[in-house]
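Worth knowing before you read on, the calculation uses all heavy atoms, side chains too, and leaves out hydrogens, waters and symmetry mates.
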Amino acid sequence: MSTPEQPAPFSAVLRAASSAEHEAAEQSSFMSRLLGGRLGVEAYADLTGQLWYVYRALEGRAAELAEHPVAGPFIDRALMRTAAIERDLAHLRGPGWRDALAPLPATAAYVDRLEWLAAEWPAGYVAHHYTRYLGDLSGGQIIRGIAEKTWGFARKGDGVRFYVFDGIDNPAAAKREYRAKLDAAGLALDDIERHRVTEECKRAFALNGAVFRDLDARYPLSA
Ligand code: HEM
């Protein structure tokens with residue numbers, strides 16, 4: 001149990017606070033159709049392209065954030081995804097992948113939020129870091145398996161490198177360490193700030209949900 005001196009572990013707070021949002025993301029029309037094999041590889045490539053913008057924004061200020069007392073411990077080269085996404089996109093779309101890529105409106109809004117947080121409120125940035133990277137280490141592994149099977153990518157190869165963390169030998173241990181960092185960050189924040197970060201975590205899920213909705217609208221249901 002938590003006491004006023006010792007709040008509940010922040011990792012547990014974030015997980016509980018975002019569990020309904022997680023379920024909504026998992027059950028979103030786009031994710032259900034994509035992972036249910038009802039969309040083609042083009043939709044998967046489209047998602048990967050949108051994630052490129054998201055991770056560029058998440059990782060673009062890593063050097064400055066590494067110096068921050070709250071966000072700094074989360075900055076970890078082994079998590080960085082931008083280079084892996086670029087390899088996937090070169091495989092999925094060819095060497096000119098960047099020419100045809102454009103952010104969807106929801107992606108642009110997500111990127112704006114990430115850039116603002118990285119510059120102005122690094123503790124809020126941590127909520128987004130958690131939402132993406134712990135998700136990639138968790139459900140991302142399920143998504144990788146389905147993508148390999150559905151579209152015939154080589155196991156852990158080009159096309160699904162985004163979901164492969166070469167620098168992490170033991171994902172379960174990495175997740176435990178990550179949660180310990182969240183718990184330490186929570187202890188360094190006061191109640192108001194912890195609440196704000198928790199709300200930002202829900203916002204992170206909502207921003208992801210909005211990207212899924214924009215993507216979903218690109219692939220009308222066939223009759
Ligand atoms: C169909 C898509 C998804 C599936 C199948 C899925 C599945 C899962 C599973 C099984 C876990 C639990 C892993 C564990 O406890 O070790 C998990 C955790 C997580 N997922 Fe997802 N997920 C999906 C989508 C998403 C999305 C879109 C996000 C956010 C953008 C996300 C963020 C997270 C986070 C942050 C966790 C860690 C929760 C915690 O323990 O604190 N997931 N996911």
- Mind checking what makes side-chain hydrogen bond (donor to acceptor under 3.5 Å, both in side chains) contact with Arg203, not counting sequence neighbours? none
- Which residues pass the salt bridge (charged side-chain N to carboxylate O under 4.0 Å, His left out) test with Arg87, sequence neighbours left out? Asp158
- Message: Looking at Asp216 and Arg213, is there a salt bridge between them, counting it only when a charged N and a carboxylate O are closer than 4.0 Å?
- Response: no
- Qualifying ring pair (Phe, Tyr, Trp, His ring centres under 6.0 Å) pairs, either residue in residues 141-160, two or more places apart: Tyr44-Trp151, Tyr44-Phe153
- Note on the structure: Residues pairing under ring pair (Phe, Tyr, Trp, His ring centres under 6.0 Å) where one sits in residues 8-38, two or more places apart or in two chains, turn out to be none
- Item | Set of side-chain contact (heavy atoms from CB on, under 4.5 Å) partners for Asp190, sequence neighbours left out | Ile192, Glu193
- Where at least one partner belongs to residues 11-29, residue pairs that pass salt bridge (Lys or Arg N to Asp or Glu O under 4.0 Å), sequence neighbours excluded: none
- Query: So, are Arg179 and Asp183 salt-bridged, with charged N and O less than 4.0 Å apart?
  - Reply: no
- Item | Tyr55 ring center near Tyr133 ring center (under 6.0 Å) | yes
- Query: Partners of Tyr178 by ring pair (Phe, Tyr, Trp, His ring centres under 6.0 Å), sequence neighbours excluded?
  - Reply: Phe74, His129
- Message: Please check: side-chain N/O of Gln50 versus main-chain N/O of Val211, any donor-acceptor pairing under 3.5 Å?
- Response: no
- For Thr198, enumerate each residue passing the side-chain hydrogen bond (donor to acceptor under 3.5 Å, both in side chains) test, keeping only those at least two apart in sequence or located in another chain. none
- Note on the structure: Residues at least two apart in sequence or cross-chain that pass side-chain contact (heavy atoms from CB on, under 4.5 Å) with Glu64, listed by chain then number, are Arg61
- Task: Examine the side chains of Asn208 and Tyr110 and answer whether a donor and an acceptor come within less than 3.5 Å of each other.
- Result: yes
- Item | Pairs flagged by ring pair (Phe, Tyr, Trp, His ring centres under 6.0 Å) wherever residues 76-98 is involved - sequence neighbours left out | Trp52-Trp97
- With sequence neighbours excluded, what pairs up with Asp76 under the side-chain hydrogen bond (donor to acceptor under 3.5 Å, both in side chains) test? none
- If only atom types and distance count, is the side chain of Arg81 paired as donor or acceptor with the main-chain N or O of Arg161 below 3.5 Å? yes
- Verdict with reasoning, Glu42 to Arg93, per salt bridge (Lys or Arg N to Asp or Glu O under 4.0 Å): CA-CA 9 Å; Glu42 180 50 33; Arg93 291 249 167 98; 2.8 Å; yes
- Message: Test of understanding: with side-chain hydrogen bond (donor to acceptor under 3.5 Å, both in side chains), list the residues that count as partners of Ser19, not counting sequence neighbours.
- Response: none
